[in-house]
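A quick write-up on the structure given underneath.
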Amino acid sequence: MHKSHPDACNGLFVADLDGTLLRADGSVGQEDLDALESLARHGVRTAIATGRSLWSFMRSAGATLPVDYVIFTTGAGIVTQPGHRLLYQVNIPFGQVAGTLEFLKKSELDFMLHHAVPDNHRFVYRRANPDNADFETRLARYAEFGQPLDAIACGDFGEAAQFLAIVPRHRTDQALHAVRTGLPGLSIVHSTSPLDHASTWIEFFHPAVSKGQTSAWLASELGVKPRDTMAIGNDYNDLDLLEWAAQAFVVANAPDGLKSRFRQVASNHDGGVAEAVGLWLGEKKLS
């Protein structure tokens with residue numbers, strides 16, 4: 001059960017979900033759960049920052065985590081936990097959706113276009129390559145929510161939460177260069193696929209959307225000083241979140257490029273979140 005916290009707000013803790021709090025089997029370790037509870041007792045507000053849609057989050061072990069807020073879809077929305085009352089949302093406006101569609105339709109990228117928050121588990125898709133196994137896996141997993149792009153008229157779509165392109169690892173650099181050059185008006189985030197753990201997912205959002213920007217908005221709303229913020233993550237889609245936080249940690253299963261930049265703790269299988277929380281509370285002298 002989520003314990004109530006004191007009236008005083010002594011900081012904001014933000015954790016990534018998959019690969020950071022969640023283990024490979026989708027569970028959360030007891031020591032990490034205990035660490036979240038300890039933060040609440042010390043008056044620290046807690047949030048999950050995930051790339052998952054709210055629909056997907058609610059079907060994970062995260063749905064029962066003892067936290068105060070869920071930052072979902074890489075920062076496109078925030079809800080309270082429990083209750084899931086929508087506090088904040090940012091979608092790509094129709095004009096940018098139409099322009100981005102035209103760009104992507106001329107590319108060789110397999111992509112999905114997701115409906116506006118909070119219904120962004122629904123999407124349309126365009127297949128450009130017949131042998132993109134990770135793309136096909138995601139299509140199959142969410143088959144009930146997807147339809148081919150050709151099945152709708154662009155003018156019927158409206159705002160969108162995001163675009164998602166899925167590319168094989170060997171095409172990552174080429175694809176990133178193309179979209180960053182061709183779509184400078186969007187926030188572009190890439191991460192390792194949570195499905196095959198090899199392909200690259202490239203996500204396009206409204207420029208105001210990222211885990212770090214949305215966490216900063218939440219901290220401001222709560223009156224939390226920048227020096228009293230902490231974050232922990234495991235992949236490149238956590239980078240701006242880690243750069244935003246005054247104290248940032250990565251779990252041992254993070255890529256070497258992140259471990260060389262941020263403080264390293266144990267892996268997601270070995271209580272890395274609990275270790276980071278213990279270090280932070282000790283340094284804040286709240287333990």
Side-chain contact test, heavy atoms from C-beta onward, threshold under 4.5 Å: evaluate it for [X] versus [Y] and give yes or no.
X      : Y      : answer
His206 : Pro93  : yes
Asn237 : Leu239 : no
Leu139 : Phe123 : yes
Ser56  : Tyr142 : yes
Thr137 : Asp196 : no
Leu218 : Ile78  : yes
Val250 : Leu242 : yes
Leu17  : Leu65  : yes

If every non-hydrogen atom of [X] is compared with every non-hydrogen atom of [Y], which pair is closest and at what distance?
X      : Y      : value
Phe262 : Ala248 : CD2-CB, 3.7 Å
Ala35  : Ala274 : CB-CA, 3.7 Å
Val117 : Ala76  : CG2-CB, 3.8 Å
Phe57  : Ser60  : O-OG, 2.7 Å

Under 3.5 Å: donor-acceptor pair, side chain of [X], backbone of [Y]:
X      : Y      : value
Arg126 : Lys105 : yes
Asp25  : Ser27  : yes
Ser53  : His121 : no
Thr100 : Gln96  : yes
Gln147 : Tyr125 : no
Asp270 : Ala266 : no
Asn253 : Gly19  : yes
Thr229 : Pro226 : yes
Asp68  : Thr46  : yes

Quick check: is [Y] connected to [X] through a chain of hydrophobic side chains (ILVMFWY, heavy atoms under 4.5 Å apart)?
X      : Y      : answer
Ile232 : Leu258 : no
Leu281 : Leu36  : yes
Phe135 : Leu195 : yes
Phe103 : Val167 : yes
Val209 : Val97  : no

Problem - Close aromatic pair by centroid cut-off 6.0 Å: Phe249 and Trp280 - result: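 No; Trp280 has its ring centre 6.0 Å or more from that of Phe249.
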
Nearest 0.5 Å please: distance from the [atom1] atom of [X] over to the [atom2] atom of [Y].
X      : Y      : atom1 : atom2 : answer
Leu54  : Arg59  : CG    : CZ    : 9.0 Å
His190 : Phe204 : NE2   : CZ    : 12.0 Å
Ser199 : His170 : OG    : NE2   : 10.0 Å
Asp18  : Ile48  : CG    : CD1   : 10.0 Å
Ile71  : Leu241 : CD1   : CG    : 7.5 Å
Leu222 : Leu12  : CG    : CG    : 6.5 Å

Practice task
In plain terms, say whether Asp256 and Lys259 are close enough for a salt bridge, that is, a side-chain N and a carboxylate O under 4.0 Å apart.
Solution key: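 Yes, this pair counts.
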
Testing the 3.5 Å rule here: is there a donor-acceptor pair between the side chains of [X] and [Y]?
X      : Y      : result
Asn120 : Thr73  : yes
Gln174 : His177 : no
Arg227 : Gln247 : no
Asp235 : Ser191 : no
Ser193 : Asp134 : yes
Asn132 : Glu136 : no

Practice task
Look at the aromatic rings of Trp217 and Tyr88 and report parallel, tilted or perpendicular, splitting at 30° and 60°.
Solution key: tilted

Practice task
Report the relative orientation of the aromatic rings in Phe111 and Phe163; use parallel for angles under 30°, tilted for 30 to 60°, perpendicular for over 60°.
Solution key: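 Ring orientation, 0 to 90° scale: tilted.
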
Problem - Within 6.0 Å of CZ in Arg169, more than 12 heavy atoms from elsewhere - result: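 Atom CZ in Arg169 is not crowded, with 12 or fewer foreign heavy atoms closer than 6.0 Å.
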
Exercise for the section: Evaluate whether atom CD of Glu108 has more than 12 neighbouring non-hydrogen atoms of other residues, nucleotides or ligands under 6.0 angstrom away. Expected result: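 Open: at most 12 neighbouring heavy atoms sit under 6.0 Å from CD of Glu108.
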
Handout entry: Lys211 and its side-chain hydrogen bond (donor to acceptor under 3.5 Å, both in side chains) partner, picked from Asp16, Thr74, Asp240
Key =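 One option only clears the test, and that one is Asp16.
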
Problem - Matching residue for Leu104 among Leu149, Leu109, Asp110 - test: side-chain contact (heavy atoms from CB on, under 4.5 Å) - result: Leu109

Problem - Arg138 to Trp201 six-membered ring, cation-pi geometry met (6.0 Å, 45°) - result: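 That pair qualifies as a cation-pi contact.
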
